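Not measured: the values here are computed from a predicted model. Start at 1 with the first residue, then count along the sequence.
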Amino acid sequence: MLSRLLISALLALMLSVNVKASDIDSQLGELDSLLQSDLPKAVSLIESLEPRTGNFTSQQLAKFKTLKSINHLYTGNFIAAKRVLDEAEGLNPNQELLTQIYLYKVTVSIGLGEYQQAFQQLEQNLRRIEQGDDTHVKVQSYLRLLNVYLDLEAYKEMLLVVNRVLAFNKGRDTKSECYGMLYLAVANLELDKHEAAAEYFRRSGDYCQKHGYPLIVAMSVKGQARALFEQQKYPNALPGFLSSLEAYEKFNFNIEIYSNWAFLAETYYHLGMFAEARDYAQRVADLAQVQMNIRPKQRAHGILALLARDAEQYQQAYEHQVRSQMLSETLLNEQRLKQNAYQMAQFEIAEKTRELDKIVQDYDIFGEQRKVLNQQRSYSYMFSTIFAGASICLFLMLVAVWSQRSNYKRQAQRDQLTGVYSRFIGQNMAENQLIQCQTRHSDYSVILFDLDSLKQINEQYGNANGDWALQQVVNVLNELIDKKHILLRMSSEEFGLFMPQTHIEQAYELTTQFLEQVASIETKLTGHQFAITVSAGLSCWTEQDLSLDPIISRAALGLKQAKEQGKNQAVVYNPVKVKQSQADTEMVIVES
């Protein structure tokens, strides 16, 4: 009764026009607590505060938007969470709140599959907080790092970091202690230390129950169930999955809800309760094909395949098995994308550290030389002159070395004549982009093109004019493409353009513009009059493509067809039919 009166009083207070800043802070504190314990009430409080944000200070509004993003994270709406966090960051929040915003942004980037950006955000934030003395902020950042390691399946690294978190925190912040204990249990579970994991999950559940964190309690209960599941103790695991599912449903925590459905489907199957197994498996199989659902769907289709096999429905069993295998391939590609992003981030961090150490070392040497010269300055004015000259020379030398290193790095990645990416570097980058598009099931198009008469230009007008023609063609294309597109030189006269999130029709329209503008290049400035034309072959990603190779091969066949049909044209070679383009040039499609 007392709690209801308090809630009624709070609601009445929220409707007041003249609300004091302390009251708003109190309600934001309550919202923070409710997001950890009672999501429906938290959503209700968000809705009641929303119309009154005009009376908030910038700090209060930043706090409100940060808390609002947590609700989007629970429901898997990462795009909405990113938008709200960007708005919160733009309000110039204090350092503690800014750290929270950065950490939630790491979670958003992981949810969107933008792993390299997640690592960059994390590294920037860790570097920033390491310079401070706020232990609480450090603990929060290390907890976010644990989340990244978990997503990467880097469980040994998790153990190292979680011990550091618990040592830093020492039980001072109960929420951080809860998460630390939970991550310790998870790391042991994923390292197949099932009995130890079950005990750690029990401890985390008891501790977090005592301190009022029901969501972490639910995770601990599910963790215990998973430890039993991995030991094939299915009757003992079932209650834990059902109990944690009920808790997750109160939070609309969709990611964990769908995961529990998949585990329940498999548990019921092993218990011989086939109707229940089919029900949960079908729920998961019917989910949207988005990133967060891939792993549960892979498990669910595997169970549906077994159920169909047991019912002697072999065609359905085969279809479900194929879907399960395709989803396994997607998970493998996603993991490879994460590892590539992690390695690239580690490489960039190491490069920055080495470069910084080199600068510090060079300036230390410079400082020592300056000390020696300063000591000798009293002997002669000439020594002072030498010192000044040596200082300038050393500084210029440092600048020259730094510039030369940057040039060498760029030259290693770029074609020296045209400035586009070299084949090795560019194709690796394009492969990573393709994996990301496969994970999101978005479009991906490839264009191969070359100059129709480069050999003739070289023979009649000299190689310098041939090089000039190549440069002009690349300049034309660079004006048409976006930053996300990757242009690289495949061979002496052949180039490749890799276009993520681009439909084949858009790629074809761009190609027709490209061909038209190339044909209009004025060659009089060379002292000769000759025509420059380009032929192109296009293809796009299909569900059957596991890498760039088949897409490039089809584009090469399209390029060959364009040459055979008279050059100066583009041909789409693709097993999927494409609608007629609205471009002036007719769209030529070759079916494989």
Side-chain angles (χ1 to χ4, degrees), residues 2-78 80-108 111 136-137 140 143-144 173-179 208-209 211-219 247-256:
L2 181 60
S3 61
R4 291 183 181 178
L5 290 174
L6 288 173
I7 293 172
S8 299
L10 284 172
L11 290 174
L13 188 61
M14 284 186 284
L15 294 174
S16 175
V17 178
N18 299 316
V19 181
K20 296 180 180 179
S22 60
D23 295 330
I24 295 174
D25 291 334
S26 174
Q27 290 166 21
L28 291 176
E30 180 188 5
L31 176 58
D32 193 2
S33 177
L34 288 174
L35 284 167
Q36 302 296 327
S37 59
D38 193 332
L39 189 63
K41 288 184 179 179
V43 172
S44 177
L45 184 53
I46 289 172
E47 291 173 351
S48 64
L49 288 172
E50 193 82 55
R52 303 170 45 248
T53 54
N55 298 323
F56 288 14
T57 66
S58 61
Q59 291 298 311
Q60 291 169 339
L61 185 57
K63 179 70 172 178
F64 174 71
K65 289 182 179 293
T66 304
L67 295 173
K68 185 178 176 181
S69 73
I70 299 174
N71 182 44
H72 294 311
L73 292 175
Y74 284 152
T75 58
N77 191 347
F78 299 109
K82 182 178 186 300
R83 173 178 53 78
V84 175
L85 288 169
D86 286 340
E87 293 172 357
E89 184 180 1
L91 293 167
N92 297 319
N94 59 43
Q95 287 301 309
E96 182 177 0
L97 183 56
L98 185 62
T99 297
Q100 294 179 22
I101 293 170
Y102 286 160
L103 295 176
Y104 285 128
K105 280 193 168 187
V106 175
T107 299
V108 169
H136 174 71
V137 172
Q140 297 301 308
L143 285 173
R144 193 61 54 193
D173 182 79
T174 56
K175 180 180 175 182
S176 298
E177 194 76 8
C178 277
Y179 275 113
C208 299
Q209 181 72 46
H211 290 88
Y213 297 101
L215 183 59
I216 311 180
V217 173
M219 293 178 179
Y248 287 139
E249 287 173 342
K250 293 178 180 179
F251 283 85
N252 292 330
F253 201 167
N254 290 338
I255 296 175
E256 290 295 342

[X] side, atom [atom1]; [Y] side, atom [atom2] - distance, nearest 0.5 Å:
X    : Y    : atom1 : atom2 : answer
I255 : L73  : CD1   : CG    : 8.0 Å
I46  : N71  : CD1   : CG    : 5.0 Å
L31  : S44  : CG    : OG    : 10.5 Å
L215 : F251 : CG    : CZ    : 5.0 Å
T66  : L97  : OG1   : CG    : 4.5 Å
Q60  : D25  : CD    : CG    : 4.5 Å

Worksheet entry | pair P93-K63: side-chain heavy atoms closer than 4.5 Å | no
Worksheet item: Mind checking whether L45 and L49 have side chains closer than 4.5 Å, heavy atoms only?
Response: yes
Sequence-distant partners of [X], side-chain hydrogen bond (donor to acceptor under 3.5 Å, both in side chains), two or more places apart:
X    : result
T174 : Y213
K82  : D86
Q209 : none
E249 : none

Practice prompt. Could you list the residues that satisfy salt bridge (Lys or Arg N to Asp or Glu O under 4.0 Å) with E50, not counting sequence neighbours?
Written response: K68
Worksheet item: Of all residues at least two apart in sequence or in a different chain, which pass the salt bridge (Lys or Arg N to Asp or Glu O under 4.0 Å) check with E89?
Response: K105
Worksheet item: What pairs with N252 under side-chain contact (heavy atoms from CB on, under 4.5 Å), at least two apart in sequence or on another chain?
Response: L39, T75
Item to complete: Can you sort out the partners of L91 under side-chain contact (heavy atoms from CB on, under 4.5 Å), two or more places apart, ordered by chain and number?
Response: L61, A62, K65
Item to complete: Might you work through the side-chain contact (heavy atoms from CB on, under 4.5 Å) test for I24 and L28, ending with a clear yes or no?
Response: CA-CA 6 Å; I24 295 174; L28 291 176; 4.2 Å; yes
Worksheet item: With sequence neighbours excluded, what pairs up with Y248 under the ring pair (Phe, Tyr, Trp, His ring centres under 6.0 Å) test?
Response: F253
Item to complete: Quick one: closest heavy-atom pair of C208 and I216, and the distance?
Response: SG-CG2, 3.7 Å
